[in-house]
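A short write-up of the structure that comes next.
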Amino acid sequence: MAAACAGMEAAAAAAPAPPPSPPPPAAAAAAAAGPGWAELVCAQGRNLKAVLCQRCGSRVLLPGAATFARRELLLPAMRKKAAAAAAAGGGDVVREHWLVRDMFSFENVGFTRDVGNVKFLVCADCEAGPIGWHCLDDKDSFYVALERVAHE
């Protein structure tokens with residue numbers, strides 16, 4: 001069943017994808033994520049700032065609720081709900097994420113219906129998204145794309 005989620009991963013070929021990398025030290029995490037991300041990751045690899053919806057500002061995660069992780073995932077392009085239903089295909093490869101291990105750590109997030117063996121994460125207030133990804137085979141891994149959220 002894990003192979004069903006591998007199809008959603010941009011880097012997946014014939015072999016299943018490797019597990020996400022463990023959180024790197026703060027300096028390495030900031031360097032790996034690129035310029036501007038250094039102020040978002042603490043020494044333990046957790047989020048220093050609250051994670052917010054880019055569109056409505058709703059709080060998705062509190063500071064310290066997630067761990068920085070690198071994993072290549074293909075997320076559908078962000079668009080409004082009606083436009084997303086009308087459009088087929090297309091998407092973005094995202095590499096930097098906040099990894100949340102407990103779904104109850106979220107302050108405000110919604111889940112789409114199953115798309116194969118995946119549920120996408122959206123803002124529960126304005127339904128903007130997808131902002132993240134969750135494979136149903138792995139009950140303890142929820143990925144929120146850094147580039148699809150704001151930080152405060």
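Hydrogens, waters and symmetry mates play no part in the numbers below; they use all other heavy atoms, side chains included. In this chain, numbering begins with 1 at the start of the sequence shown. If you're wondering where the values come from, they're calculated on a predicted model, not measured in any experiment.
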Please tell me whether [X] and [Y] are part of a single hydrophobic cluster in this structure, the criterion being side-chain heavy atoms less than 4.5 Å apart.
{"X": "Met78", "Y": "Leu52", "result": "no"}
{"X": "Val122", "Y": "Val94", "result": "no"}
{"X": "Ile131", "Y": "Met103", "result": "yes"}

Under 3.5 Å, side chain of [X] to main-chain N/O of [Y], donor-acceptor pair present?
{"X": "His134", "Y": "Ser141", "value": "yes"}
{"X": "Gln54", "Y": "Glu147", "value": "yes"}
{"X": "His97", "Y": "Arg71", "value": "yes"}

Taking atom [atom1] of [X] and atom [atom2] of [Y], what is their separation to the nearest 0.5 Å?
{"X": "Leu121", "Y": "Tyr143", "atom1": "CG", "atom2": "OH", "result": "12.0 Å"}
{"X": "Lys49", "Y": "Cys42", "atom1": "NZ", "atom2": "SG", "result": "13.0 Å"}
{"X": "Thr67", "Y": "Leu99", "atom1": "OG1", "atom2": "CG", "result": "6.0 Å"}

Student check: side-chain heavy atoms of [X] and [Y] closer than 4.5 Å:
{"X": "Val93", "Y": "Leu74", "value": "yes"}
{"X": "Trp98", "Y": "Phe68", "value": "yes"}
{"X": "Val51", "Y": "His151", "value": "yes"}

Where do [X] and [Y] come nearest, in terms of heavy atoms and distance?
{"X": "Pro130", "Y": "Leu75", "result": "O-CD1, 4.4 Å"}
{"X": "Leu48", "Y": "Pro63", "result": "O-CB, 3.4 Å"}
{"X": "Val100", "Y": "Ala66", "result": "CG2-CB, 3.8 Å"}

- Query: With sequence neighbours left out, what residues match Asp114 under salt bridge (Lys or Arg N to Asp or Glu O under 4.0 Å)?
  - Reply: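 With neighbours one apart ignored, the set is Lys119.
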- Arg148: what forms a salt bridge (Lys or Arg N to Asp or Glu O under 4.0 Å) with it, not counting sequence neighbours? Asp92
- Task: If the plane angle is over 60° it's perpendicular, under 30° parallel, otherwise tilted; pick one for Phe111 and Phe106.
- Result: perpendicular
Suppose we screen for side-chain contact (heavy atoms from CB on, under 4.5 Å). Which residues come up paired with [X], at least two apart in sequence or across chains?
{"X": "Leu62", "answer": "Arg59, Glu107"}
{"X": "Asp125", "answer": "Cys56, Ser58, Asn108, Cys123"}
{"X": "Lys139", "answer": "none"}

